[in-house]
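Following: one structure in structure tokens, then a few remarks.
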2 protein chains.
Amino acid sequence: MFNAVAEPRRREILDLLMEGERPVNDIVARLELGQPQVSKHLKVLREVGLVDARDQGRMRVYRLNGHGLKPIHDWVSNYERTWSERFDALDAVLEELQDKEARDDES
Amino acid sequence: MFNAVAEPRRREILDLLMEGERPVNDIVARLELGQPQVSKHLKVLREVGLVDARDQGRMRVYRLNGHGLKPIHDWVSNYERTWSERFDALDAVLEELQDKEARDDES
DNA sequence: TTGACATATACCGATATGGGTATATGTTGT
DNA sequence: ACAACATATACCCATATCGGTATATGTCAA
């Protein structure tokens, strides 16, 4: 899953699909990459559930399934506290509470 | 960057470092992996700025630098709207506004 | 200074991966 | 039925990556 997204071209494909669903050739036209390569990347993305496909006439239309990114989002979110100012503020509050408790215990 | 985090063992190392800074051998003891392999993973993590190192006596203590994950968090966040209920609610509001405008234009 | 320790690096082999070219599969229009 | 089209797959090659083993580098302790 992480691996699927680690590939720059695959991220490009996902970014592109955020605009809306697209048949393979549209994607090929945008990316500077051969059609077989795009099909392979799409296969990988499909296998991990990041995109879905729908047959329409002789073309296959791919659309984004962003829900597949939730695991990554969840994992990264655990680290957000290490940089986010929002969490720094929260830390400050918690620390203050601890200090207050310590003072209360003393007295 | 994405690539550094795509490796399961490297994610394990990061998860482990969330508990606090650790010398290499501590990490080796936790992961079931040889010391050279751990050193190599740490090197990769250091190169992309996800960990920092500090020399203490004859050991090198590594600590997490979660800030390096912000780019990933930012990228994934763009997709959050595609699954989050929070954003679904926002979409509903926006849609309602559009409907309202449409009705106003008619009259 | 010497030996034990902590870590990094060099090297090897197996496997995976990405792009390229050719071709197979399936669909439409005539 | 046939030709053009859209996509997928098979195969090849070059390169990257991971784990493993051996070894180099640097530090402490006696």
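Note that this is a predicted model, so its numbers are computed, not measured. Order of the sequence lines fixes the chain letters, A, B, ..., with proteins taken first and strands second; residue numbering starts at 1 for each chain. The basis for the numbers below is simple: all heavy atoms, side chains too, and nothing from hydrogens, waters or symmetry mates.
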Do [X] side-chain atoms and [Y] backbone N/O form a donor-acceptor pair below 3.5 Å?
{"X": "A:Arg60", "Y": "A:Pro23", "result": "no"}
{"X": "B:Arg22", "Y": "B:Ile27", "result": "no"}
{"X": "B:Arg11", "Y": "B:Ala6", "result": "yes"}
{"X": "A:Asn65", "Y": "A:Gly49", "result": "yes"}
{"X": "A:Tyr79", "Y": "B:Lys70", "result": "no"}

Any side-chain heavy atom of [X] within less than 4.5 Å of one from [Y]?
{"X": "A:Val24", "Y": "A:Leu42", "result": "yes"}
{"X": "B:Leu17", "Y": "B:Leu45", "result": "no"}
{"X": "B:Leu69", "Y": "A:Trp75", "result": "yes"}

Any Lys/Arg nitrogen of A:Glu19 or A:Arg30 sitting under 4.0 Å from an Asp/Glu carboxylate oxygen of the other? yes
When clusters are formed by joining ILVMFWY residues with side-chain heavy atoms under 4.5 Å apart, either directly or through shared neighbours, do B:Val48 and B:Leu64 land in the same one? yes
Heavy atoms of chain A, cut-off under 4.0 Å: which first and last nucleotide of DNA chain C, 5' to 3', fall inside that, if you could look? C:dG18 to C:dT28
Mind running a 4.0 Å heavy-atom check of residues 55-65 of chain B against DNA chain D and sending the residues that fall below it, in number order? B:Gly57, B:Arg58
I need the CD-P distance between B:Glu7 and D:dT17, as an integer number of Å.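 Rounded to whole Å, this separation is 10 Å.
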Using a 4.0 Å cut-off on heavy atoms, which residues in residues 30-53 of chain B reach DNA chain C? List them by number, or say none.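 When residues 30-53 of chain B is checked for heavy atoms under 4.0 Å from DNA chain C, the hits, listed by number, are B:Gln35, B:Pro36, B:Ser39, B:Lys40, B:Lys43.
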